[in-house]
Each structure stands twice: as C-alpha cells, then as structure tokens.
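Please read the structure below before turning to the comments.
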Amino acid sequence: MAHDDEPAGTVSRFHTCPLCEANCNLEVRVRGREVVSIRGDEQDVFSRGYMCPKGPALAGLQSDPDRLRSPMVRDGSTWREVGWDEAFAEVERRLLPILERHGRSSAGVYLGNPSAHHVSLGLYSRALVHALGTHTVCSASTVDQMPKQVSSGLVFGTALSVPVPDLDRTAHLVVLGGNPMVSNGSLMTAPDVKSRLRAIRARGGRIVVVDPRRTRTSEEADEHVFVRPGTDAMLLAGMAHAILAEGLARPGRLAEHLSGLAEVERALADLSPEAVEDGCGVPAATIRRLARELAAAPSAAVYGRIGTCTQEFGTLASWLVDVLNVLTGNLDRPGGAMFPRSATGPANTQGEPGRGKGVRLGRWKSRVRGAAEAFGEIPVACLAEEIETPGEGQLRALFTVAGNPALSTPNGGRLSRAFASLELMVSLDIYLNETTRHAHVIFPGLSGLEQPHFPFAFTSLSVRNFARYSRPAVEPPPGAMPEWRTLLRLAAIASGQGAAADTDALDDFVFEQQLGRALSSAHSPIHGRDASEIRAATSSVRGPERLLDLAIRTGPWGDGYGARPGGLSIAKLLEHPHGVDLGPLEPRIPEVLRTPSGKIELAPEPLLADLDRLRARLREVRAGGAGMVLVGRRDLRSNNSWMHNVESLVSGRARCTLHLHPEDARRIGVADGGSARVRSRAGEVVAPVELTDGIMPGVASLPHGWGHDEQGSRMSVARAHAGVNSNRLADEAAIDPLSGNAVLNGIPVEIAPA
Ligand SMILES: Nc1nc2c(c(=O)[nH]1)N[C@H]1C(S)=C(S)[C@@H](COP(=O)(O)OP(=O)(O)OC[C@H]3O[C@@H](n4cnc5c(=O)[nH]c(N)nc54)[C@H](O)[C@@H]3O)O[C@H]1N2
Ligand SMILES: Nc1nc2c(c(=O)[nH]1)N[C@H]1C(S)=C(S)[C@@H](COP(=O)(O)OP(=O)(O)OC[C@H]3O[C@@H](n4cnc5c(=O)[nH]c(N)nc54)[C@H](O)[C@@H]3O)O[C@H]1N2
Ligand code: SF4
Ligand SMILES: [Mo]
C-alpha cells in the first residue's frame, strides 16, 4: 500500500522487532537501503498493529552514525578501522599464543541478551563456545531468568519448560516482580500486553500485582501489594501453606502426574502466613486472602518475573510460583499457566514424550569461588574474579557477544578494571561502548533490520502458539558480514583451522550435525530418511535460515518434509509475512515432561534444602534493624543499556533518577530534585533524587543500563544523557546459590545527601 508524502519506490517489508520479548511485527517502509518509516503491522496475526515507541526507533538505530560498520582494532587508546581479514588475523595472532601457553580454560565467553533475539547469534555462538573448549562461559541469563530455568528444569525436566500465564483466558492473574506494561512482558511473549490485561478485567477477572513499587502494571490491577524486596519466597510459601492447611488444594487432573506433594506440605509446615508476615512485610490476613482468592478463582495464573528472579531467593521464589499453580490445579489448564509448543522443536518436544533425563546441575564449578554451573554456564557475577585471580585457569582472553556486562552485571566498576587487564578481549557488537572500549578487536554486527528474524527463543514462551519469519528488511551494506560468519571464523581460529577458513564449509558442518541428529532420532518425523533428499529439500539460503528450516520442519508443527502435509516450513512462513497463528495454548501434561520419573517432580531436594536459608533470613528480618535496600525498574523508552544512542528515546526528562519515599527522604535529608550519594559494599554513585509515595518506605529504586560517561566509548547521544551505572552498587559476591543468578534487587545501601 502506498502512503502519502513518501518518496517514489518506497515498499513495505514486514519484520519482527528484535528488541524485546513481545516480538511485535513491524511494517517497515523502505526505499533502497533507506528506512522511510516504521509502524505496527496491522495485519499481523499476533501483534495486530501494536508496537511501542522503541519499534520506530529502529530507524534511528539504522541511521545512527555511531553504530559500528567495520571491524576495529585498538592500539593503546586509538582505534583503527580495518578490513575483515586484518581483524581476524589480529585475533589469531593474539589468541593462539595464549591458548598454547595457558590452555583452553584461559579463554572465556560472555553472551549478551541480543543473542536470544537474533538467529545469527543464537544458532551460531555455540560454535565459538565449542571451539574454545572452555568451561568459563557466562551470559545475561545469570542476571535474568536463570532461577526460573533451574526450577523449571528440576520440576518439569528441561530448562525451557517455563509455564506461561494464559493471559487471554485467565480469570485471575497474580504478577510478582514484573511490570509488563513497561517491559512489554518477559517469559511471557504477549504483544500489546495492555489490551490483554484490560481484557482480563473487562471479562470480570482480577489482577493482583506484588511489587515494592507502584507501577504502570499495578495501576491496571485490582490490587497492589507491597512486598519487602527479596522476600517473595516467604510470601509465596505463606500462600501455599494457607492453601494446604485450609484444605483448598485441588490439583485435579495433575494429581496422577505429580510426585512430591506430601514432601512440599511437610517442608512448608512452619511457613504459615503468620510466620512469614514480618519477613515479607505483607500482613498474614492479606496473605490468607490472596491464597483463598487464588484457590477460588475459576482459573488463575501466578506469574513471577525479574523481581522474583534477580534476588537472594530467586530459585525458591520461581519454584513456589509453580507450586501455587499446581496446588490450585491451574498448571497446564486453559486460563492457568501453560506450556507453549514451540515450532523450533525445543527439548520438551524431542525424544520420548513424557519422560526424559531431567537436568543435572553443578556438573562443574567456577575456579575461584566454586560456584555451580547451570546449563553450561557459570554465574557472570564470577567473571571479574576469574580474570583477576592468578593461578592455573586464570582468564586471559574474553569474547563478548552482544553484551554490555560493564553496565548490566554486578560491580561494574571492578569488572571494568578487570577487562582492562585482559591480554585479549574480542567483542561482537554494534557500538563502541562501556564494555567494548576494553576490546582489542571489535567485529560489528548488522542492524536489527538487516538481519533475518525468527523468535526462536520466544516461541517457547508465548501466550499463543505462533510462528513468523522475516528476511532482512534492509539489505546489509556491501562488504558487511553477517554475524554467523564472524562467529564461524572466530571458531575456526580457536580450533586451529586458521583465520582464512572457509565459512561455507563450516556452515555445512553445522547443518550436517543438526541433520544427522534429526535423521537418527526415533521420534523425528524424518527418522531414517535419506540425507541427500532432505538436504536437497531444505532452504538453500546458508546460515540461520537453513538451520531454522530444518528445525521447524522436523519440529512439532513442521511439514516433516512431506510427512505432515500443510505443516510449517520456511517457504510457508515466507508466504505468511503477517505470521501464522497456531492457536491458543493447549494442555501438554504429561507429554511435555522430561523428568526421569515422568512426573511433575514438585519437591526437588535442592529446593527443599534451600528453605533453610530462607528460614535463616526470616529470623534475621524478624530480629529487625533492616536498613534501606535498592531495587531496579525499567522505562518504556529504554532497552537495557543500549538504545540510549537514539535521540527519540532519550529526549525529555532524565530517566535515571533515584526514587525515594518522602518519609525516607526527610530522614536522610534530601529533597526532590536534590542529589544523593548511594553506597553499597560494591561501590557508590551519585544520582538525582525523585520523590514518590509509590515506593515502599525503606526502598529506593534506580534503573540499570545507564552510566554512559565512561572515557573511550563512542556514543555521542547516550553520553549527553549519561545517567549513572546502578550496577556499580550490585554486589558480585551476592548470588542465589542454586542458579548462580546475581542479586540485583534488594541490595543493602546507605543513602546520604551529596
Ligand atoms: N541492576 C540490574 N541489572 C540488570 C537488570 C536489572 O533488572 N537490574 N536486568 C538484566 C537483564 S534482564 C538483562 S537481559 C541484562 C542484559 O545484559 P547485556 O546483554 O549484557 O546488556 P544489554 O544492555 O542488553 O546489551 C546488549 C549489547 O548488545 C549490543 N547489540 C545490540 N544489537 C546487537 C546485534 O545485533 N549484534 C551484536 N553483536 N550486538 C548487538 C549492544 O550494543 C549492547 O552492547 O541486563 C541485566 N542487568
Ligand atoms: N522498556 C523496556 N522493556 C524491556 C527491557 C528494558 O530494559 N526496557 N528489558 C527487557 C528484558 S531483558 C527483560 S528480562 C524484561 C524484564 O521484564 P520485567 O520483569 O517486567 O521487568 P521490570 O520492568 O524491571 O519489572 C520488575 C519489577 O520488579 C520489581 N521488584 C524489584 N524487586 C522486587 C522483589 O524483590 N519482589 C517483587 N515482587 N518485585 C520486585 C520492580 O519494582 C519492578 O517493578 O524486560 C524486557 N523489556
Ligand atoms: S514492544 Fe518490544 S517488540 Fe514490540 S515494538 Fe516495542 S520493543 Fe519492539
Ligand atoms: Mo533480560
């Protein structure tokens, strides 16, 4: 459709927004390589025209002159733009002697959040990790959802078996530690969450928000409950206790697929609402009422997000969310918390349905602190000590892939100093920012619109089953390299095949491995078929598209290469630029389970054991003397640390302010608009104060992802709206022991006038 006031030759390209988990589809109007405008795709089956202010800001990202477009090599403090071959040669020249002298464990990898959004990164960073052969791998997962993955893995058998609230059908939604009106939803892919929330109330349902701050989401809710940061596990245990003690537990059809219910009841026996009220700051009567309302609702979903994960008891809280869903019979039923069936065929759709190996955690430990591995990763909170601490296995070379750990992970001050001491740091990124300024070599990625897109991680987390594939909306500039090729070349260097290795051959190798697995799996629709026939029938577009075609066609909705006519393939998705709706979520228990027992293992031993730590904290809080604690928050116009170089998103009033309750401000002696010094064990920052009675007394809030005034970064717009790095205050010593996740909420701080 042509639009007024547009240059001739402008055409529409439909493209999934790569920024957040909502995965809205965008109509991108392009003329040649120029982005003319961006709007929500009205015809999309899932996002139905919705987009947030960050969608159109992709145009600003596309044209941002600060965005890196060629590889960069650093000599001291000066950067040179270099050709691709020279940049790879530089990595080879520096990396090989380190690996030779100090072994494979001297290299590490950090994978950032966009690795979960871009197929190029998501499907190929494993090649680099394997080639390096190191155990020092960490990612943004341990400053995010790792606790939920650990609890889901233990209870349901795979890391991505995360129950998602059935938003469009539920009669009762309890949100803890999430602000989807601002974040657009997380571990819950739900474009236009506002309409979906409003619809709950419009059909007579109820929304309860549990948060130490009043939020845009709590304003949409029937009830807002203040909770003391870091204590959701106490509140949830109290609710579970009330349901059990009052005889309200009704697991229903789940009962025959359930083990451990009696153990859970025993383990929670001393955590009654009356026992936990002083700990979590929610009166026992309220806890009981919340429990009764939950149990009485015709359907209900309890949903916990960042605030329940990035805290001291992240895994316990994440587990108790599902304990409540199970006790009330809401797990896996319409309107409850359900398991999506992802088109890409994740682990909970593969192998024998209903039974599996379960998960094994702590297969190795981090070198310095002895923190347990989870799903192949060590906690990112350990990264600085792994670089700084001498001895065998000291980290000397680090690859960062689409991450900004200097701003997004704990004790950013210490981590930045550690980065500066590395013998080699290589970054894949689109900016010279607070992290990549320490790199010796930076390889630029493409812009979000220049890459293909498929929500490969988020079809496992979506409130409806859907699939949508977009080829690049804008042609990459001549000479640009897609990141899957960069990753394969780095993998070739790390594995000794040399910087000049043929990436087509490496890509064939990756594809053949995936094909081999599919052909040999007894449960795959192409089991035993002829490899050459499947190879010839698969998309010929190298890189992620070919891998995706194979994954989707052999996945639960796929065409099985003819075995299931009408099923999905990349070719079919290309015919449906507005997505394919695969319907509402459907019950999947027992088929979804991959636990060794073939049951919902509701009482995993490590979780029951961790309740002792919760009891100890409860006694401490009851003993009193708790000082101020810090929590985070998000802003609609922000995306973690990296969309701050787009003017339209940072203009207007400053966003990086310290929220304080007026009572606290009076006691501390700071005024609205004044300036406060916030100090923790890890560091200190000075931030402008904004008073609000929407925050619990005793709690302060500062958003993360700011602090853009570091020397040597090259982000001119962000620098002018620098803010401060809240993660200078987050303590790298504080992790949730079961998941290794960092404690980013509930940080003890002292606040004084500056
Ligand atoms: N205190 C506090 N800290 C937090 C959080 C919090 O709530 N409070 N939230 C945490 C959460 S949930 C997350 S996910 C992490 C995020 O942590 P990170 O992933 O480390 O940080 P991001 O800010 O998402 O940085 C993304 C990086 O990728 C780059 N980038 C963007 N697009 C591309 C691309 O296409 N290719 C490449 N190669 N690079 C690209 C950006 O320039 C940026 O450097 O932060 C965590 N940190
Ligand atoms: N606009 C925008 N959208 C984003 C992002 C962004 O940076 N900006 N980041 C994206 C990413 S990577 C993620 S992971 C998601 C996160 O998505 P959400 O989890 O919805 O993230 P937040 O908006 O940070 O909401 C967390 C809430 O937890 C509260 N909280 C803090 N501590 C506690 C606690 O101890 N208990 C309870 N109950 N609540 C607590 C905070 O006050 C806050 O309101 O958002 C994604 N979407
Ligand atoms: S809500 Fe998320 S996916 Fe949708 S336009 Fe905004 S940033 Fe993009
Ligand atoms: Mo995240």
Side-chain angles (χ1 to χ4, degrees), residues 18-22 52-54 61 67-68 110-118 120-121 139-141 143-145 175-188 209-218 225-232 235 280 304-313 317 380 400-410 427-436 442-448 450-451 483 486 629-643 645 695 699 701-705 715 725-727 729-730 742 744-747:
L19 294 178
C20 92
E21 296 178 43
C52 85
K54 293 187 291 299
L61 181 69
R67 187 164 58 79
L68 300 180
Y110 173 82
L111 304 171
N113 169 276
S115 321
H117 289 270
H118 291 301
S120 212
L121 300 172
S139 83
S141 289
V143 281
D144 190 346
Q145 81 292 346
V175 179
L176 303 103
N179 188 7
M181 285 290 292
V182 164
S183 68
N184 284 297
S186 178
L187 299 185
M188 176 178 88
V209 171
V210 178
D211 198 298
R213 302 181 312 114
R214 204 157 66 214
T215 63
R216 280 288 294 109
T217 306
S218 72
V225 178
F226 278 131
V227 67
R228 178 171 292 130
T231 65
D232 298 80
L235 168 66
C280 62
R305 198 50 285 266
I306 275 287
T308 56
C309 280
T310 54
Q311 50 138 301
E312 212 183 341
F313 300 104
V380 65
T400 70
V401 178
N404 193 3
L407 292 193
S408 57
T409 75
S427 294
L428 269 69
D429 209 285
I430 56 174
Y431 284 109
L432 176 41
N433 65 17
E434 300 77 16
T435 294
T436 61
I442 308 177
F443 293 94
L446 300 171
S447 90
E450 292 165 349
Q451 312 182 40
E483 288 185 275
T486 303
V629 293
L630 185 74
V631 300
R633 67 177 189 270
R634 280 172 162 75
D635 184 277
L636 186 59
R637 291 173 172 275
S638 189
N639 192 38
N640 294 328
S641 74
W642 70 277
M643 285 293 282
N645 212 50
I695 194 163
V699 180
S701 163
L702 192 61
H704 77 285
M715 300 180 73
N725 177 6
S726 72
N727 279 322
L729 300 167
L744 306 171
N745 283 296
I747 304 167

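Just follow the structure's listing: the first ligand is 1, and inside any ligand the first atom is 1. Positions are given from 1, in the same order as the sequence printed here. Because the structure is a prediction, the values reported are computed rather than measured.
- Within the structure, the closest approach of G632 to ligand 1 does not fall below 4.0 Å when heavy atoms are considered.
- At a 3.5 angstrom cut-off on N or O pairs, P229 does not count as close to ligand 2.
- The option from G178, S183, A140 that lies nearest to atom 45 (O) of ligand 2, judged by heavy atoms, is S183.
- Every atom of ligand 2 with a heavy atom of S186 under 4.0 Å away is listed here by number and element: 13 (C), 14 (S), 15 (C), 16 (C), 17 (O).
- Not a single heavy atom of T310 lies less than 4.0 angstrom from ligand 1.
- Proximity of N113 to ligand 2, defined as any heavy-atom pair under 4.0 Å, is confined to the side chain (atoms from C-beta onward).
- For ligand 1, the atoms closer than 4.0 angstrom to any heavy atom of P405 are 20 (O).
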Report task. Go through the steps to decide whether H704 and N640 satisfy the test side-chain contact (heavy atoms from CB on, under 4.5 Å), and finish with yes or no. Result -> CA-CA 7 Å; H704 77 285; N640 294 328; 3.1 Å; yes
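- The single protein non-hydrogen atom nearest to atom 2 (C) of ligand 2 is S638 O, 3.0 Å, given as residue, atom name and distance.
- At a 4.0 Å heavy-atom cut-off, ligand 1 touches I306 through the side chain alone.
- Between the side chain of S427 and the backbone N or O of D429 there is no donor-acceptor pair closer than 3.5 Å.
- Taking atom 23 (O) of ligand 1 as the reference point, the nearest protein heavy-atom neighbour is S641 OG, 2.5 Å.
- Between the side chain of H117 and the backbone N or O of P18 there is at least one donor-acceptor pair closer than 3.5 Å.
- Proximity of R305 to Q145: side-chain heavy atoms (C-beta onward) are separated by under 4.5 Å at one or more points.
- In terms of protein heavy atoms, atom 30 (N) of ligand 1 is closest to I430 CG1, 3.8 Å.
- Considering only heavy atoms from C-beta on, E434 comes within 4.5 Å of N404 through its side chain.
- For H117, the closest heavy-atom approach to ligand 1 does not fall below 4.0 Å.
- In terms of protein heavy-atom proximity, atom 1 (N) of ligand 1 is closest to N727 OD1, 2.8 Å.
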Query raised in the report: Can you list the steps and then say if L428 with E483 is a side-chain contact (heavy atoms from CB on, under 4.5 Å)?
Result: CA-CA 8 Å; L428 269 69; E483 288 185 275; 3.7 Å; yes
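- Numbered from 1 in the order shown, with element, the atoms of ligand 1 that lie under 4.0 Å from a heavy atom of L446 read 35 (O).
- Side-chain N/O atoms of R634 and N639 include no donor and acceptor closer than 3.5 Å.
- Closest heavy-atom approach to atom 31 (C) of ligand 2 within the set D232, L630, N745: this belongs to N745.
- Counting only heavy atoms from C-beta outward, the side chains of W642 and S408 never approach each other to under 4.5 Å.
- Listed by number with element, the atoms of ligand 1 under 4.0 angstrom from any heavy atom of D429 are 27 (C), 28 (O), 29 (C), 37 (C), 38 (N), 39 (N), 41 (C), 42 (O), 43 (C), 44 (O).
- In this structure, atom 34 (C) of ligand 1 lies nearest to the protein heavy atom E483 OE1, 3.8 Å.
- Judged by distance alone, the side chains of S120 and Q451 never bring a donor and an acceptor atom under 3.5 Å apart.
- Distances below 4.0 Å separate heavy atoms of D144 from the following atoms of ligand 1: 12 (S), 14 (S).
- Residue contacts with ligand 2 leave out Q145, since none of its heavy atoms falls under 4.0 Å from the ligand.
- For the pair T215 and ligand 2, a heavy-atom separation below 4.0 Å is found.
- Every atom of ligand 1 is numbered from 1 in the order shown, and the set under 4.0 Å from a heavy atom of Q451 is 35 (O).
- Backbone and side-chain nitrogen or oxygen atoms of V631 are examined, and none is located within less than 3.5 angstrom of a nitrogen or oxygen of ligand 2.
- Ranking protein heavy atoms by distance to atom 35 (O) of ligand 2, first place goes to G230 N, 2.7 Å.
- If you number the atoms of ligand 1 from 1 as listed, the ones under 4.0 Å from a heavy atom of Y431 come out as 42 (O).
- Protein heavy atom nearest atom 19 (O) of ligand 2, with residue, atom name and distance: R305 CG, 2.9 Å.
- In this structure, L636 and M181 have side chains that are not in contact, with every pair of non-hydrogen atoms separated by 4.5 Å or more.
- Within the 4.5 Å cutoff, side-chain heavy atoms of I306 are placed close to those of N745.
- The shortest N/O to N/O separation between L121 and ligand 1 does not fall below 3.5 Å.
- An N or O contact shorter than 3.5 Å links R213 to ligand 2 by distance.
- At a 4.0 Å heavy-atom cut-off, ligand 2 touches N640 through backbone and side chain alike.
- D232 and T308 share no side-chain donor-acceptor pair at under 3.5 Å.
- Looking at S726 against ligand 1, only its side chain comes within 4.0 Å, counting heavy atoms.
- With respect to atom 46 (C) of ligand 1, the closest heavy atom belonging to the protein is S408 O, 3.4 Å.
- If you look at N433 next to ligand 1, the close heavy atoms, those under 4.0 Å, all belong to the side chain.
- Each of the following atoms of ligand 2 lies closer than 4.0 Å to a heavy atom of V227: 36 (N), 37 (C), 38 (N).
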Query raised in the report: Please walk me through it: do D144 and S141 pass side-chain hydrogen bond (donor to acceptor under 3.5 Å, both in side chains)?
Result: CA-CA 5 Å; D144 190 346; S141 289; over 6 Å; no
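- Within ligand 1, the atoms closer than 4.0 Å to a non-hydrogen atom of V143 are 9 (N), 10 (C), 11 (C), 12 (S), 15 (C), 46 (C), numbered from 1 in the order shown.
- Side-chain contact check for R228 versus V629: every heavy-atom pair is 4.5 Å or farther apart.
- The contact set between ligand 2 and D635, taken as ligand atoms under 4.0 Å from a residue heavy atom, comprises 1 (N), 2 (C), 8 (N).
- When the heavy-atom distances from atom 11 (C) of ligand 2 to R637, R634, R214, H704 are ranked, the shortest goes to R634.
- Of all the listed residues (N639, N179, L744, D211), D211 holds the heavy atom that lies closest to atom 43 (C) of ligand 2.
- Taking distance alone, with nitrogen or oxygen atoms compared against 3.5 Å, T308 stays at or beyond that limit from ligand 2.
- Look at P212 and you'll find a heavy atom under 4.0 Å from some atom of ligand 2.
- Heavy-atom separations between G705 and ligand 1 are all 4.0 Å or longer.
- Under a 4.0 Å criterion applied to the non-hydrogen atoms of G112, ligand 1 contributes the atoms 19 (O).
- With a 4.0 Å heavy-atom cut-off, ligand 1 is reached by the side chain of P114 but not by its N, CA, C or O.
- At a 4.0 Å cut-off, not a single heavy atom of F443 sits close enough to ligand 1 to count as contact.
- Interface of V182 with ligand 2, defined as ligand atoms under 4.0 Å from a residue heavy atom, comprises 1 (N), 2 (C), 3 (N).
- For G177, a nitrogen or oxygen atom sits less than 3.5 Å from a nitrogen or oxygen atom of ligand 2, counting backbone and side chain alike.
- Put simply, the side chain of L235 reaches to within 4.5 Å of the side chain of L176, judged on heavy atoms.
- Side-chain contact between I430 and F443 is absent, with no heavy-atom pair separated by less than 4.5 Å.
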